[in-house]
Amino acid sequence: MNLDSIGDWVRTHYSSQVSPDLDGKEVTLFGWVQEVRDLGGLRFLILQDREGTVQITIPKKRVAPEVLAKSGVLQKRFSFGVKGIVKKTNMTTRGVEVVPNGIKVFSTATEQLPIDITGKTPANIEVRLDARPLDLTLESSLATFKIQHVALEAIRSFLFEKGFMEAHSPRIIASATEGGAELFTIDYFGQKAYLAQSPQLYKEELTLSFEKVFEVGPFFRAEESHTRRHLSEFTSVDIELAFANADDVMALLEQVIHHTFSVVKEKCQAELTVLGHNLEVPALPFKRLTYTQVLDDLKAQGVEVPWGEDISTDAFRVLGKIYPYFYFVTDWPTHAKAFYIKPRDDNPQVSEGFDLMFGYIELTSGGTRICDKNQLIERLKEKGLNPDSFKMHLQAFDYGMPPHAGWAIGLERLTMILTGIKNIREVTLYPRDRVRLTP
RNA sequence: GCCCAGGUAGUAUAGUUCGGUCCAGUAUAUGCGGCUGUCGCCCGCAGGACCCGGGUCCGAAUCCCGGCCUGGGCGCCA
């Protein structure tokens with residue numbers, strides 16, 4: 001087959017911009033064949049681009065022979081261009097169609113696609129992920145990642161507005177940031193190194209200089225998790241704020257969430273419709289429950305959790321039924337939290353750490369951090385960690401570590417909530433989990 | 001790491017209970033033919049599958065054993 005080059009053709013419109021008021025005008029469209037419906041004397045092509053679809057109508061007896069011939073070779077997913085006249089019509093759902101004067105075929109596709117790109121016969125998740133480049137062309141996939149894009153843009157602009165500086169901490173690190181055994185090891189020129197599980201210590205150190213700092217980036221957990229809400233590589237939206245405590249950053253967090261939901265609801269109505277998701281902008285403030293209150297609520301539901309113990313997923317599922325939307329859980333037992341979380345001054349058994357839950361899913365965790373070096377060393381020891389391993393971090397506490405607090409949002413989990421999609425792998429372009437390393 | 005469920009055409013599934021009616025049905029996709037207003041187009045025809053290996057049996061998609069692969073739950077967490 002003879003393929004065409006773009007030549008002097010320049011896209012004039014995306015599919016979504018082809019509107020009835022362009023009636024009679026010539027447009028140049030680039031995209032892919034989503035569907036061909038051939039009725040004999042009449043052929044319909046659905047051109048898809050990243051913004052949507054538009055119908056190309058070919059009345060076989062009334063177009064130039066070369067246009068007819070070109071339109072005849074087109075199959076699903078062929079990349080092509082159309083130069084044609086917009087026609088206002090009540091025969092299509094969009095109210096427009098394009099009758100081509102010229103067609104260019106840029107590239108072909110296999111006859112039998114691995115998944116149904118029109119969404120009539122949906123494929124299972126592993127089939128979709130194996131064919132991810134194609135799967136991402138589905139309107140539902142595009143809608144998902146458009147929403148994630150808009151959400152992240154909203155978060156960034158909100159934080160910029162509040163005076164935060166964006167930072168980039170290392171992914172390759174020399175020792176465990178939080179002391180867990182859940183790090184991936186790598187060979188760093190013969191030296192043992194790790195992939196960062198969080199930017200926690202670096203962003204704390206940056207409060208010395210930047211004061212208000214955030215980072216968006218991938219982090220790595222070598223946990224053999226097998227659930228619909230865990231990844232080996234996930235994207236964290238991390239902030240740290242100097243001269244602030246948990247209450248301050250909780251207030252900031254709920255504003256960020258509120259803003260993000262508002263922007264997505266406003267800008268992504270079409271995408272939400274494609275996904276069939278009705279997004280509610282949450283009312284502020286979010287409910288604040290102490291750990292102890294949560295235990296009482298659970299007890300009332302017949303779920304006994306001894307004070308001091310972690311709350312199991314099953315227990316959170318019960319709690320999520322009582323509080324199906326956003327809620328904070330505060331005042332966690334100190335020993336249940338990471339070493340850098342500050343114990344309360346009035347009751348050291350209880351910490352200033354918090355989680356932001358959505359139903360049973362933990363979306364964010366954060367808290368006031370310890371800024372006193374000796375206290376931090378004590379907490380390291382209590383956690384069974386060796387302060388010597390944290391020497392490089394601890395030096396920051398010799399240079400006037402300010403009181404500070406922060407949190408981390410799981411971007412993929414946020415996207416799940418925004419889209420209503422139940423599997424975290426669907427909202428991740430190329431997910432990495434216990435068994436998946438490709439594509 | 002522990003536990004559960006499952007592998008049937010490109011895709012999604014029926015059939016597995018209680019072995020024979022299944023050289024495996026349906027939808028969609030693909031190929032060919034037809035059709036001038038489709039938009040889950042329609043009509044006709046065609047090709048296309050029981051994860052792998054072993055076992056039981058007259059007979060295995062179905063039962064048993066082993067392997068491989070996948071999904072999900074727990075723990076952990078974002």
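Below, chain A is the first sequence line, B the second, and so on; all start at residue 1. Quantities reported herein were computed from a predicted structural model and do not represent experimental measurements.
- Nearer to the 5' terminus of RNA chain B, by closest-nucleotide assignment, is the contact made by A/Gln55 (compared with the other of A/Gln55 and A/Thr313).
- Remark: B/rG1 base-pairs with B/rC74. Criterion, Watson-Crick or G-U wobble with two distances under 3.5 Å.
- Between A/Phe339 and A/Phe390, the ring planes lie perpendicular to each other; the angle is over 60°, past the 30° to 60° tilted range.
- Here the separation of B/rG59 from B/rG55, taken at their P atoms, is 12 Å to the nearest Å.
- Taking 4.0 Å as the cut-off between side-chain N and carboxylate O, A/Arg171 and A/Glu215 count as a salt-bridged pair.
- Considering only the side chain of A/Glu35, B/rC41 comes nearest among B/rC41, B/rU11, B/rG37.
- The side chain of A/Thr89 has B/rG37 as its nearest neighbour among B/rA78, B/rG37, B/rG31.
- Shown here, B/rU62 forms no base pair; nothing in the strands shown gives a Watson-Crick or G-U wobble contact with both key distances under 3.5 Å.
- Between A/Arg43 and B/rG37 there is no side-chain N or O to OP1 or OP2 distance below 4.0 Å.
- A straight line from CZ of A/Arg436 to C1' of B/rG71 spans 11 Å, rounded to a whole angstrom.
- Within 4.0 Å (heavy atoms only), A/Leu231 reaches at least one base atom of the nucleic acid.
- Surrounding NZ of A/Lys87 are at most 12 heavy atoms belonging to other residues, nucleotides or ligands under 6.0 Å away.
- For the pair A/Arg221 and B/rC76, the criterion of a side-chain N or O lying under 4.0 Å from OP1 or OP2 is not met.
- Comparing the P positions of B/rC22 and B/rU17 gives a spacing of 16 Å, expressed to the nearest Å.
- Atom pair A/Phe44:CZ and B/rC35:P shows a separation of 15 Å (rounding to whole Å applied).
- Set against B/rC74, B/rU36, B/rA29, the side chain of A/Leu39 has B/rU36 as its closest nucleotide.
- The separation of B/rU16 from B/rG33, taken at their C1' atoms, amounts to 39 Å, rounded to a whole angstrom.
- Side-chain N/O atoms of A/Thr57 include none lying less than 4.0 angstrom from OP1 or OP2 on B/rG37.
- No N or O donor and acceptor, one from the side chain of A/His226 and one from the base of B/rC74, sit under 3.5 Å apart.
- Within 4.0 Å (heavy atoms only), A/Asn423 reaches sugar-phosphate atoms of the nucleic acid but no base atom.
- A close approach under 4.0 Å does not occur between any side-chain nitrogen or oxygen of A/Arg434 and OP1 or OP2 of B/rG72.
- Nucleotides B/rG67 and B/rG31, compared at atom P, are 42 Å apart to the nearest Å.
- Contacts of A/Val435 with the nucleic acid, taken as non-hydrogen atoms under 4.0 Å apart, involve only primed sugar atoms and P, OP1 or OP2.
- In this structure, of B/rG71, B/rC74, B/rG10, it is B/rG10 that holds the atom nearest to the side chain of A/Pro114.
- Mapping A/Thr118 and A/Arg62 onto RNA chain B via the closest heavy atom, the residue that lands nearer the 5' end is A/Thr118.
- Across B/rC63 and B/rG20, the matching C1' atoms stand 14 Å from one another, rounded to whole Å.
- At a cut-off of 3.5 Å, with distance as the only test, a side-chain donor of A/Ser236 or A/Asp238 sits close to an acceptor on the other residue.
- Under the stacking definition used here (centres under 5.5 Å, planes under 30°), the residue A/Phe234 qualifies as stacked on the base of B/rA78.
- OP1 or OP2 of B/rC41 lies within a sub-4.0 Å distance of a side-chain N or O belonging to A/Arg37.
- At B/rA29, one or more side-chain N or O atoms of A/Lys120 fall inside 4.0 Å of OP1 or OP2 (strictly under the cut-off).
- Between A/Glu35 and A/Lys120 there is a salt bridge, since at least one side-chain N of the basic residue sits less than 4.0 Å from a carboxylate O of the acidic one.
- Side-chain N/O atoms of A/Ser225 and base N/O atoms of B/rC76 include a donor-acceptor pair closer than 3.5 Å.
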Q: Could you check A/Phe106 against A/Phe78 for ring pair (Phe, Tyr, Trp, His ring centres under 6.0 Å), going step by step and ending with a plain yes or no?
A: CA-CA 7 Å; A/Phe106 300 133; A/Phe78 277 30; over 10 Å; no
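- Side-chain proximity of A/Thr121 to the nucleotides B/rC77, B/rU70, B/rU28 is greatest for B/rU28.
- No side-chain donor-acceptor contact under 3.5 Å links A/Trp32 and A/Thr137.
- Contacts with RNA chain B (heavy atom under 4.0 Å) in residues 96-108 of chain A: A/Glu97, listed by number.
- Neither OP1 nor OP2 of B/rG6 sits under 4.0 Å from any side-chain N or O of A/Asn124.
- Regarding contacts with the backbone of B/rA78, a side-chain N or O of A/Ser365 is found under 4.0 angstrom from either OP1 or OP2.
- Within 3.5 Å, no donor on the side chain of A/Arg229 pairs with an acceptor on the base of B/rA78, nor the reverse.
- Within the 4.0 angstrom heavy-atom criterion, only backbone atoms of the sugar-phosphate kind lie near A/Arg425; the bases stay farther away.
- Using a 30° and 60° split on the angle between ring planes, A/Tyr291 and A/Trp332 fall in the tilted class, from 30° to 60°.
- A/Ser312 comes within 4.0 angstrom of sugar-phosphate atoms only, judged by non-hydrogen atoms across all strands, and of no base.
- For B/rU11, the base has no donor-acceptor partner in the side chain of A/Gln112 [N/O atoms by modelled type, under 3.5 angstrom].
- Across all strands shown, B/rG19 forms no Watson-Crick or G-U wobble pair with both key distances under 3.5 Å.
- For the pair A/Arg317 and A/Tyr360, the cation-pi test (distance below 6.0 Å, angle within 45°) is passed.
- Proximity note for A/Thr92 (side chain, C-beta onward) versus B/rG75, B/rG73, B/rC39: the nearest is B/rC39.
- Taking every heavy atom of both residues into account, A/Glu205 and A/His393 meet most closely at OE2-ND1, 2.7 Å.
- Only the C1' atoms considered, B/rC23 is 15 Å distant from B/rU8, to the nearest whole Å.
- Distance noted for atom C1' between B/rG25 and B/rC50: 13 Å (whole Å).
- Going from atom CD1 of A/Ile115 over to atom C1' of B/rA29 covers 12 Å, rounded to whole Å.
- One can place CG of A/Leu113 at 17 Å from P of B/rU28, the figure rounded to the nearest angstrom.
- For A/Gln34 and B/rC39, the shortest distance from a side-chain N or O to OP1 or OP2 is not below 4.0 Å.
- Comparing B/rG75, B/rA78, B/rU70 by their closest approach to the side chain of A/Glu126 singles out B/rU70.
- Within 4.0 Å of A/Thr110, counting heavy atoms only, lies no atom of the nucleic acid at all.
- Contact check, A/Lys60 against B/rC35: no side-chain N or O comes under 4.0 Å of OP1 or OP2.
- For A/Arg413 and B/rC77, a side-chain-to-base donor-acceptor distance below 3.5 Å is present, hydrogens and geometry of angles not being considered.
- Using N1 to N3 plus N6-O4 or O6-N4 for Watson-Crick, or N1-O2 and O6-N3 for G-U wobble, each under 3.5 Å, B/rU26 pairs with B/rA12.
- B/rC41 and B/rG53 have their C1' atoms separated by 47 Å, with the value rounded to a whole Å.
- Using cut-offs of 30° and 60° on the angle between ring planes, the pair A/Phe220 and A/Phe184 is perpendicular.
- With a 3.5 Å ceiling on both atom-pair distances, B/rU38 lacks any Watson-Crick or G-U wobble partner.
- Minimum interatomic distance between A/Glu412 and A/Gln148 (heavy atoms only, all atoms of both residues): CA-NE2, 4.4 Å.
- Considering only the side chain of A/Asp38, B/rC35 comes nearest among B/rG37, B/rC35, B/rA78.
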